[in-house]
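Remarks on the structure that follows.
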Amino acid sequence: MQTVVMETGYGPMVGPPVSGLQSGEPDILDNGKHDPKIGSQESFTEFLARSAPQSNGPVLHRRADRHFSKRMRRRLVYKNGEVNITQTNIRKRRRRFLADIFTTLVDIKWRYNLLLFAMAFILSWLIFAVIWWLICFSHGDLDPDNMNSDKWVPCVREMGSFTSALLFSIETQHTIGYGSRHTTEECPEAIIVMMIQSCFGVICQAMMTGIVFAKLSRPKKRAETLMFSKNACICKQDGEMCLLFRVGDMRKSHIVEAHVRAVVIKKKITKEGEILPLYQYDVDLGYEDGQDRLFLVWPVIIVHKIDEDSPFWEMSPEDLHREQFELIIILEGIVESTGMTTQARSSYLPGEILWGHRFERLVTFRKENGQYQIDFSRFHNTMAVETPQCSAKELSDLGETVQENTYIEDDENTSLGSTKQERFPSPYVIKRHGVAQTDFDDDDLDSQDSSIPSRIAAEESETLL
C-alpha cells in the first residue's frame, strides 16, 4: 500500500476537547472560515437508538452538539471539489508565477482576465500613438505652415493631432485601413514602427484569444456535471462489509478512460512517536481487478471491500463517528468532446457515512419506447438494510469461530453414525411470521409451489434495474 505524507503545522486546539479526542490534540481539519455543510445523520441516530434502547431520556442529535458542529467544518476537500488549503510564506512567488505567465493568466478570475485583456490593447494603442505623434512632430508634420502647404510630404498623411495619431495607431495595429491616413516614403522610421506595431498586434491578439479560449474550454468546467452522492454507505455485500458511494455523469458525451481512486486523510502515530496529522491511507477500489475503471453511461456504485488492508477494518459504528478522518474521492478521465483530461473531487466526513444503508435503484427500462431512463431524483437516496453493528474485523473473527464450532459438531455427529440428511438442513424452508421452519406438511409445499408463478410474474413486471 503506497502512502504519502503531508507535512503541516497546526497549533493546539483552543477550547474544550471534542468527544473522542485527547485534550491538546491538533485540530487537523479546521480553519473556521467556511459555513458547515452537515450531511445526513440518520446512521448515527439509528446507532444511538439501537445501542441504548433502555434509555428513557431524549436522544440528543449530533447536530445540536456545538463541538460536533465545529468538527463538521474540518474539510480538506469540499463537496464541489475545491481544496481548503491556503499557501503562505512562498519565497519569490511572483517571479515563479510570472515565469509561467500563460498558466497564471488562465487560472486568474474572469474579471481580472477581462481587465487585463482591455488594458493590454488600450495601453498598446496609447504607447504607439505617442510614438507616431513624436515621429510626426520631429519631422515637422504638425506645423500649421507645413500642413497647409501642398508641396510638403509628411510621414503620415491626415495626421494633425494626438487624436488622429491614436486613430492611426488603432488602424495600424488591427489592419483596419479606412483609406485616409497612411504612411509615406518620406520617413523610414515610420515604416519600421508600422512593421513593429503590425507584428505586435498579431501576437497580442493571438495571445489574448488563446487565453480566453483556454479559459472557456477548461476541463474543470466539465467536472461540474460529474456527480457524487451526498453520503457514503456501509453494509454487507456478498457476505463482506463494504463501503459504497455513487458517481454519475449528467451529459450524454462520455468520459473516456474514467477511473476512480480514494484516499483517507487521518492522523497517524509512527513507532518513533512522531505524529503525522495528515497521513494518506490508500483505499482499494478494485485496482487489481480493474473495477476502478468505469463506463459512465449511467450512475455507478463504487464498492470498497473492507479487508485487513482497509482503514475501516477495525471501525465499528461507534468508532466511525468518533474518528477524525476524511474520505476523499477523485474521479479522472478524458473529455470526449475536447480530448482534455478532467478531474472531479468530493469528500465524506464520518457524519456523512451511513452505517447499515445502501443506495436505491434509479435506472428504469421503459417498455413503451425501449429505452433506459435514469431518475436523478433518486441519486442521493438510500435505504436501511440489515447490517451487523460491529467492525469488519469482529465480524470476520466471529465467522471463523462459528465455522470452527460447525466443524467440531460435524465431526461429533459423524462419529455417532449420523446420516447426511441429519447433518445438513433440509433444502426446503418455509417462513411463517418471519420465522424459518423446516417441519412442514404437504399442504405447505403445495402453497409454496402455487406462489411461484405469481412471484415470477411480479419479477417480470419489475422495471427497476
Side-chain angles (χ1 to χ4, degrees), residues 81-82 87 90 92-138 154-159 161-225 251 253 255-257 332-344:
E82 295 182 0
Q87 299 174 348
I90 301 178
K92 302 179 181 179
R93 180 173 183 174
R94 295 182 179 178
R95 183 183 301 178
R96 295 174 185 270
F97 275 82
L98 289 176
D100 187 11
I101 185 64
F102 184 81
T103 304
T104 303
L105 294 177
V106 171
D107 289 340
I108 61 177
K109 296 181 179 180
W110 268 109
R111 53 179 174 266
Y112 301 120
N113 210 323
L114 294 177
L115 178 62
L116 181 64
F117 186 90
M119 292 300 297
F121 282 107
I122 293 175
L123 290 177
S124 64
W125 296 337
L126 291 174
I127 291 173
F128 280 100
V130 172
I131 297 175
W132 285 115
W133 186 86
L134 292 176
I135 292 175
C136 293
F137 179 79
S138 62
C155 292
V156 180
R157 294 189 180 278
E158 302 295 333
M159 181 182 294
S161 63
F162 182 78
T163 303
S164 59
L166 177 61
L167 294 175
F168 182 71
S169 175
I170 297 174
E171 295 176 15
T172 303
Q173 183 165 328
H174 296 281
T175 63
I176 296 176
Y178 290 115
S180 59
R181 280 176 290 271
H182 61 277
T183 58
T184 63
E185 301 176 358
E186 186 69 18
C187 301
E189 62 272 16
I191 299 175
I192 295 174
V193 173
M194 182 182 64
M195 292 188 296
I196 294 175
Q197 187 174 6
S198 299
C199 295
F200 177 81
V202 173
I203 295 174
C204 184
Q205 189 167 359
M207 184 175 179
M208 293 302 168
T209 304
I211 291 173
V212 173
F213 176 78
K215 201 168 181 63
L216 288 173
S217 61
R218 279 191 304 174
K220 181 179 179 180
K221 299 303 180 182
R222 179 63 175 87
E224 298 292 335
T225 54
R251 294 186 180 273
S253 59
I255 297 294
V256 183
E257 293 294 332
E332 295 179 344
I334 301 174
V335 181
E336 187 178 28
S337 304
T338 61
M340 293 186 292
T341 303
T342 184
Q343 183 183 95

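Residue numbers count from 1 along this sequence.
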Note to self: When you compare the side chains of Ser198 and Gln173, does any donor N or O come within less than 3.5 Å of an acceptor on the partner?
What the structure shows: no
Distance check, rounded to the nearest 0.5 Å: [X] atom [atom1] versus [Y] atom [atom2]?
X	Y	atom1	atom2	result
Glu224	Arg251	CD	CZ	10.0 Å
Met159	Leu166	CE	CG	10.0 Å
Gln197	Ile192	CD	CD1	14.0 Å
Thr341	Glu332	OG1	CD	8.0 Å
Phe168	Cys136	CZ	SG	8.0 Å

If you take all heavy atoms of [X] and [Y], which pair is closest and at what distance?
X	Y	value
Ala129	Ala165	O-CB, 3.7 Å
Ser169	Ser124	OG-O, 4.2 Å
Val335	Ile255	CA-CD1, 4.5 Å

Checklist line | Within 6.0 angstrom of Gln343 CD, more than 12 heavy atoms from elsewhere | finding: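 For Gln343, atom CD is crowded (more than 12 foreign heavy atoms under 6.0 Å).
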Next item on the list: For atom CZ of Phe102, decide whether the heavy atoms of other residues, nucleotides or ligands shown that lie under 6.0 angstrom number more than 12.
Entry: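 Counting other residues, nucleotides and ligands, CZ of Phe102 exceeds 12 neighbours.
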What pairs of donor and acceptor atoms, side-chain ones from residues 104-123 against any protein atom, are under 3.5 angstrom apart with sequence neighbours left out?
| residue | atom | partner | partner atom | Å |
| --- | --- | --- | --- | --- |
| Thr104 | OG1 | Phe97 | O | 2.7 |
| Thr104 | OG1 | Asp100 | O | 2.9 |
| Asn113 | ND2 | Leu105 | O | 2.9 |

Checklist line | Student check: side-chain heavy atoms of Phe128 and Phe200 closer than 4.5 Å | finding: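 Phe128 vs Phe200: side chains touch.
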Next item on the list: For residues Ser253 and Arg222, determine if any side-chain heavy atom of one lies less than 4.5 Å from a side-chain heavy atom of the other.
Entry: yes
Next item on the list: Output every pair passing side-chain hydrogen bond (donor to acceptor under 3.5 Å, both in side chains) with a member in residues 180-195, not counting sequence neighbours, ordered by first then second residue.
Entry: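 Residue pairs with at least one partner in residues 180-195: Glu171-Arg181.
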Checklist line | Working for side chain to side chain contact (heavy atoms under 4.5 Å, CB included), residues His174 and Gln205 | finding: CA-CA 9 Å; His174 296 281; Gln205 189 167 359; 4.0 Å; yes
Next item on the list: Report the C-alpha distance between Trp133 and Ile135 in whole Å, list the side-chain angles of each, state the deciding distance to 0.1 Å, and finish with yes or no for side chain to side chain contact (heavy atoms under 4.5 Å, CB included).
Entry: CA-CA 5 Å; Trp133 186 86; Ile135 292 175; over 6 Å; no
Notebook entry, point to check: Is there a side chain to side chain contact (heavy atoms under 4.5 Å, CB included) between Met194 and Trp132 once you walk through the steps?
Noted result: CA-CA 9 Å; Met194 182 182 64; Trp132 285 115; 3.9 Å; yes
